[in-house]
Amino acid sequence: MKNESTVIDVPAESSSAMKGSAPLIGVARDHTTSDSGGYKRGLSIFDFLLRLAAIIAASVAAGTMFTSDETLPFFTQFLQFEAGYDDLPTFQFFVIAMSMISGYLLLSLPFSVVTIVRPLATAPRLLLLVLDTAAMAFNMAAASSAAAIGYLAHNGNQNTNWLPICQQFGDFCQKTSGAVVSSFVSVVFFIMLVVLSGVALKRH
Amino acid sequence: MAKESTTIDIGETSTVTKSTSHALVDEKKKGFVTAAPGGGYKRGLTIFDFLLRLAAIGITIGASSVMFTAEETLPFFTQFLQFQAGYDDFPTFQFFVIAIAIVASYLVLSLPFSIVTIVRPLAVAPRLILLISDTVVLTLTTAAAAAAASIVYLAHNGNANTNWLPICQQFGDFCQTASTAVVAASISVVFFILLIVISAIVLKRH
């Protein structure tokens with residue numbers, strides 16, 4: 001029954017020292033979440049603004065191509081005196097594709113707002129990135145196929161005896177070229193959106 | 001000289017110290033264990049990424065070379081002035097060959113980055129570089145494939161309104177070869193979309 005025991009002298013003036021060393025525990029801030037939440041929220045807001053700009057670009061492209069009709073007032077060698085987007089299947093595809101892209105961008109705006117409100121959530125970001133990639137490929141397909149047909153309309157092809165119709169239908173060609181350029185601008189916006197989502201997704 | 005003093009009984013302390021040291025070791029083990037599952041599935045994804053890149057290299061080289069060698073010379077007399085057809089008769093096909101060749105060389109150059117991400121699945125910088133450059137190259141591939149597809153469609157069907165005659169009725173082999181190249185480029189577009197999605201999933205934090 002022999003207990004080991006020792007005597008410790010506690011000086012009376014120790015209270016001030018103890019007071020000074022107490023609050024260590026509550027100071028540790030959560031650095032990572034608040035800081036990364038800050039710049040990610042900025043990225044989300046920029047993402048939302050880019051989406052609005054892309055909606056405008058895509059709908060302008062679809063609308064310009066849709067209303068690019070031209071009727072010649074005079075007699076020419078060609079049998080056709082009217083030109084419209086529905087004379088070329090590629091341009092029909094262009095109008096439908098750009099309208100679908102505009103609709104998709106409108107529907108993706110709520111998801112973008114969710115990422116602004118919750119900058120650290122990865123699920124809406126990942127969904128937006130995947131859908132944006134597919135939409136960008138679709139947009140680029142429509143834009144470049146219409147550009148190829150537009151190039152052919154401007155220059156023709158001697159080897160296949162395809163005559164350039166822009167020499168007769170100047171207004172029609174100008175409007176379709178403008179629509180194609182607007183569609184390429186929308187593609188650039190999509191690239192920025194995809195890269196933005198990738199940067200916002202990354203962990204530290 | 002009134003000092004406060006107290007008496008502390010030191011009992012059997014060895015078990016207490018042992019358990020605290022256990023806790024330290026356990027924490028270290030826990031930290032080790034949580035790193036491995038994140039590394040596990042991400043490593044699988046990066047290996048899949050590398051294999052996809054190899055497949056995409058094969059397909060893009062195939063598409064570019066098939067279009068490059070798509071020539072046909074007609075043996076007989078026809079109403080057309082042109083008896084030969086080749087990829088250089090169409091500026092769009094020329095763009096296709098050059099663009100897909102650039103894409104193939106980009107893929108070869110991106111293989112080291114992919115290997116780096118296999119070795120270090122949690123590194124962010126090479127993944128982000130791959131994601132951004134894959135997006136740009138996806139755009140280029142889609143542009144080349146879609147432009148060539150629209151010309152191939154025109155060659156197959158022609159256009160009555162603009163008096164563009166379908167040349168495939170005379171140049172059957174040339175049209176077939178060109179169509180094969182366009183299909184191969186479209187498959188490589190799908191591969192690129194998969195690569196971008198894989199990069200995004202590997203990048204995301206838990």
Side-chain angles (χ1 to χ4, degrees), chain A residues 3-12 78-80 82-84 87-90 93 120 122-123 125-126 129-130 133-134 136-149 151-153 155-163 165 187-188 190-191 194-195 197-199 201-204, chain B residues 2-11 80-82 84-86 89-92 95 122 124 127-128 131-132 135-136 138-151 153-155 157-165 167 186 189-190 192-193 196-197 199-201 203-206:
Chain A
N3 277 342
E4 295 175 24
S5 65
T6 178
V7 176
I8 293 180
D9 283 307
V10 179
F78 281 100
L79 302 166
Q80 182 76 15
E82 286 180 344
D87 292 329
L88 290 147
T90 308
F93 167 63
L120 298 172
T122 60
R125 276 231 181 272
L126 193 59
L129 188 135
V130 172
T133 309
M136 181 189 78
F138 193 44
N139 193 346
M140 194 58 180
S144 59
S145 56
I149 298 297
Y151 174 86
L152 206 54
N155 299 79
N157 193 308
Q158 286 178 344
N159 301 309
T160 53
N161 216 25
W162 291 341
L163 301 172
I165 67 166
V187 165
V188 169
F190 264 113
I191 294 179
V194 167
V195 168
S197 291
V199 168
L201 263 180
K202 77 177 171 77
R203 51 197 283 290
H204 288 276
Chain B
K3 276 191 185 167
E4 296 175 17
S5 66
T6 176
T7 309
I8 294 180
D9 279 289
I10 300 178
F80 280 99
L81 302 165
Q82 182 75 17
Q84 283 181 342
D89 292 329
F90 298 90
T92 309
F95 167 64
L122 299 172
V124 163
R127 262 292 143 220
L128 199 55
L131 181 102
I132 294 176
T135 307
V136 172
L138 166 73
T139 313
L140 183 63
T141 312
T142 314
S150 69
I151 297 299
Y153 174 84
L154 203 56
N157 299 80
N159 193 304
N161 299 309
T162 53
N163 216 26
W164 290 340
L165 302 171
I167 65 163
S186 308
V189 165
V190 172
F192 270 110
I193 295 182
I196 292 176
V197 170
S199 288
I201 294 177
L203 263 181
K204 83 178 171 73
R205 54 197 282 288
H206 290 273

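Order of the sequence lines sets the chain letters (A, B, ...), proteins ahead of strands, with each chain counted from 1.
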Quiz item: Taking all atoms of both residues into account, what is the closest heavy-atom pair of A:T133 and B:L138, and its distance?
Solution: CG2-CD2, 3.8 Å
Self-check item: Contacting moiety of A:M136, where chain B heavy atoms sit under 4.5 Å
Solution: side chain
Practice problem: Please tell me if the side chains of B:T162 and A:D87 come closer than 4.5 Å, counting only heavy atoms from C-beta onward. | Solution: no
Practice problem: Identify which of B:I151, B:L131, B:T92, B:L154 forms the greatest number of heavy-atom pairs closer than 4.5 Å to chain A. | Solution: B:L154
Quiz item: Is any side-chain heavy atom of A:L129 closer than 4.5 Å to a side-chain heavy atom of B:I196?
Solution: yes
Quiz prompt | Proximal component of A:A147, with respect to chain B [non-hydrogen, under 4.5 Å] | solution = neither
Quiz item: Would you say A:V199 and B:L128 make side-chain contact, with heavy atoms under 4.5 Å?
Solution: yes
Exercise. With a 4.5 Å cut-off on heavy-atom pairs, point out which of B:A146, B:A144, B:A145 contacts chain A the most.
Key: B:A146
Self-check item: Closest contact, heavy atoms only, B:S150 versus A:S145
Solution: OG-O, 3.4 Å
Quiz prompt | Exam field: side chain A:N159 to backbone B:A85, donor-acceptor pair closer than 3.5 Å | solution = no
Quiz prompt | Side chain to side chain, A:L88 and B:W164, heavy atoms closer than 4.5 Å | solution = yes
Quiz item: Between B:A149 and chain A, which part of the residue has a heavy atom less than 4.5 Å away: side chain, backbone, both or neither?
Solution: neither
Quiz item: With a 4.5 Å limit on heavy-atom distance, are the side chains of B:F90 and A:T160 in contact?
Solution: yes
Practice problem: Using non-hydrogen atoms and a 4.5 Å limit, figure out which bit of A:Y151 sits close to chain B: side chain, backbone, both or neither. | Solution: side chain
Quiz item: Below 4.5 Å, heavy atoms only, C-beta onward: do B:P91 and A:L152 meet side chain to side chain?
Solution: no
Exercise. Could you grab the distance from atom CG of B:D89 to atom CD of A:Q158, nearest 0.5 Å is fine?
Key: 10.5 Å
Quiz prompt | Atom group of A:V187 that falls short of 4.5 Å from chain B, counting heavy atoms | solution = side chain
Quiz item: How close do A:P89 and B:N159 get, heavy atom to heavy atom, and via which atoms?
Solution: CD-ND2, 4.0 Å
Exercise. Identify the heavy atoms of B:I193 and A:A134 that sit nearest to each other, and give their distance.
Key: CD1-CA, 4.5 Å
Quiz prompt | Proximal component of B:T139, with respect to chain A [non-hydrogen, under 4.5 Å] | solution = both
Quiz prompt | Separation between CG of B:N163 and CD1 of A:I165, rounded to the nearest 0.5 Å | solution = 11.0 Å
Quiz item: Which atom names give the shortest non-hydrogen contact between B:T142 and A:S144, and what distance separates them?
Solution: O-OG, 3.8 Å
Exercise. Enter the distance from B:I132:CD1 to A:I191:CD1 here, rounded to the nearest 0.5 Å.
Key: 11.0 Å
